[in-house]
Amino acid sequence: MSRDADSHETGASPSDQPSSDGERWRSSSGLRSDGGETSAAAGADEVALDPWGSSSVADYRKLFEDFGIAEFEDLLDGVPSPHYLMRRGVIFGHRDYEPVAEAMREGEPFAALSGFMPTGDPHIGHKLVFDEIIWHQERGGDAYGLIADLEAHSARGMTWDEIDEHARDYVLSLLALGFDPEEGTLYRQSDNREVQDLAFELGAEANFSELGSIYGFDGETDVSHMQSVVTQMADILYPQVADEPKPTVIPVGPDQDPHMRLARDLAARTRYFGVTEAYASFEATPTERRLIGEAYEDLGGEDVRTDDDAEDVRCEDAADWLREHEPAPDDARQTAIEKLDAAGMEPVRPRVRFLDQHAPEDAFEALIEAVDGEKRVYDAHIDTFELSREEADELAREVELDHGGYGFRPPSSIYHRFMTGLTGGKMSSSIPASHISLLDDPEDGYDKVKSATTGGRQSAEEQREKGGKADECPVYELYAYLLAGEDDEFAKEVYDECVGGERLCGDCKEQAAQLMTEFLEDHQEKREEWAEKLDELDIDLDSDRKR
Ligand code: TRP
Ligand code: SF4
């Protein structure tokens, strides 16, 4: 992989970064310390996004190109006082996070939710997600942390006893890191009737072949495993049924992206009405619509709207215009012409359209009533000439909610980088030396850091001369992702000293090991304080399930 290209792409930095040096540091330290080099060197540039497999991302750029995940950096400027994980590029991607950022800016309602499979100890990789939920809660979001116990049982075969034990540990760490249980919601899937009911309803919108093609399910897949998928869909949309529809962010690793895409689809599929724009009474595809729009404008359509004496632009005029103007004949142009010809003398007029997707009849009737001003009612759509797109969106949601619909907004997501294992390669829950558990004895944490692989050179001399490879160093990652906390200066100092050859690995690891010890001591103290108060919380950590 080309590291230079990487730094170019990420080098465009928001203006609040003081110096170009600061820019370089941020993109380098954050975006490049992903351990990607190891896997790229091994020749793997393919990206597997498998929620239950071993997800690996050899090249994060592929996620942008191949999966349509957007770069977080592009909207960083619009996020009020971004989290350090955002500033350092650890949170590298998103789907549709803008509505959440906007809600934060405007002081409007929003929510954040993530879930944890209780299959082992919570470790410092999970801490990233805990921190993300908490950060959104501190900014006024409704916050949710859930224990994905149904998923752990069905997809990972955990017993309920094991699940109970781990569930407790996740909850304690989330609380110890600052989650406010008075303001936020903690639940386990198995205990949340509303989530299960919603899962059932959402399951009616998806079928087996779809799950098969998204997740690779086949005839051998447990039905319960499939049920855990619709349960996750319900988790993701739950904040919008527990309260009103609102922008909701799901902070997760990119391995969960298949779930996000399905959840966004299902959210749209349950909607009573679709809202689109149109130029005439017939339905057009987005490309056809664009072409018709061009014809309309060029034929002076704008004048028709403002000047009473201007002649109407008719569909047949637009068809003629397209025949003459759009040089390369393609399908959309051809079909647009056919549709326009069929509409003949009908005037072209921009409008906002409500499409009846599957609204009950009384809801459709109510929407007709609710549309103010000039409108035209068809079999399965209503055209309105005086509402803006936004007003129409709002009205559609209102009517839907009044008539028993969900009115979901598509949920958003943010994606963080996977941490590199302390032993190199992936950080994995099943390899204790590769990660630091939040329950590790502080001394063990110390030892693990001390024995971690580094991006250091063969000898101290060589290191002084060439500098260390902080971008490939799991220890540097510990600083950037965790140990430096809010302190950007400190993280930058470690980086600069390392690559400048002033910092040698022995001392560097000693410092990191000490900071890790302090972190674990402090975290575990807080866990103990919460353990005393756990009974008062509204989450049952002893399930009476068997098997
Ligand atoms: N599938 C997630 C995991 O493997 C856990 C999960 C369940 C989840 N429901 C969720 C994550 C809702 C985010 C949102 O860790
Ligand atoms: Fe890693 Fe520190 Fe060594 Fe640099 S000096 S390679 S950051 S351990």
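Both ligands and their constituent atoms are indexed starting at 1 by order of listing. Residues: numbered from 1 along the sequence shown.
For atom 3 (Fe) of ligand 2, the closest non-hydrogen atom of the protein is C505 SG, 2.3 Å. Among all non-hydrogen protein atoms, the one lying nearest atom 9 (N) of ligand 1 is D235 OD2, 2.8 Å. Among all protein heavy atoms, the one lying closest to atom 5 (C) of ligand 1 is E151 OE1, 3.4 Å. Annotation: atom 13 (C) of ligand 1 to nearest protein heavy atom, G115 N, 3.4 Å.
Between atom 3 (C) of ligand 1 and the options M260, H126, M233, Q256, the minimum heavy-atom separation is to Q256. Ranked by closest heavy atom to atom 6 (C) of ligand 1, the top entry among Q232, M117, H259 is Q232.
At a heavy-atom cutoff of 4.0 Å, ligand 2 is contacted by the side chain of C473 but not by its backbone. The proximity of T231 to ligand 1, defined as any non-hydrogen pair under 4.0 Å, does not occur for either the backbone or the side chain. The side chain of Q463, and not its backbone, has at least one atom closer than 4.0 Å to an atom of ligand 2 (non-hydrogen atoms only; side chain from C-beta on).
Residue L113 approaches ligand 1 through these ligand atoms, each under 4.0 Å from one of its heavy atoms: 12 (C), 14 (C). Near S114, meaning under 4.0 Å from any of its heavy atoms, are these atoms of ligand 1: 13 (C). Near I250, with a cut-off below 4.0 Å to any heavy atom, the atoms of ligand 1 are 13 (C), 14 (C).
Using bins of under 30°, 30° to 60° and over 60° for the plane-to-plane angle, the ring pair F130/H126 lands in the tilted bin.
Remark: distances from the non-hydrogen atoms of A470 to ligand 2 are all 4.0 Å or more.
Within the 2.8 Å limit, C508 places at least one N, O or S atom next to atom 2 (Fe) of ligand 2.
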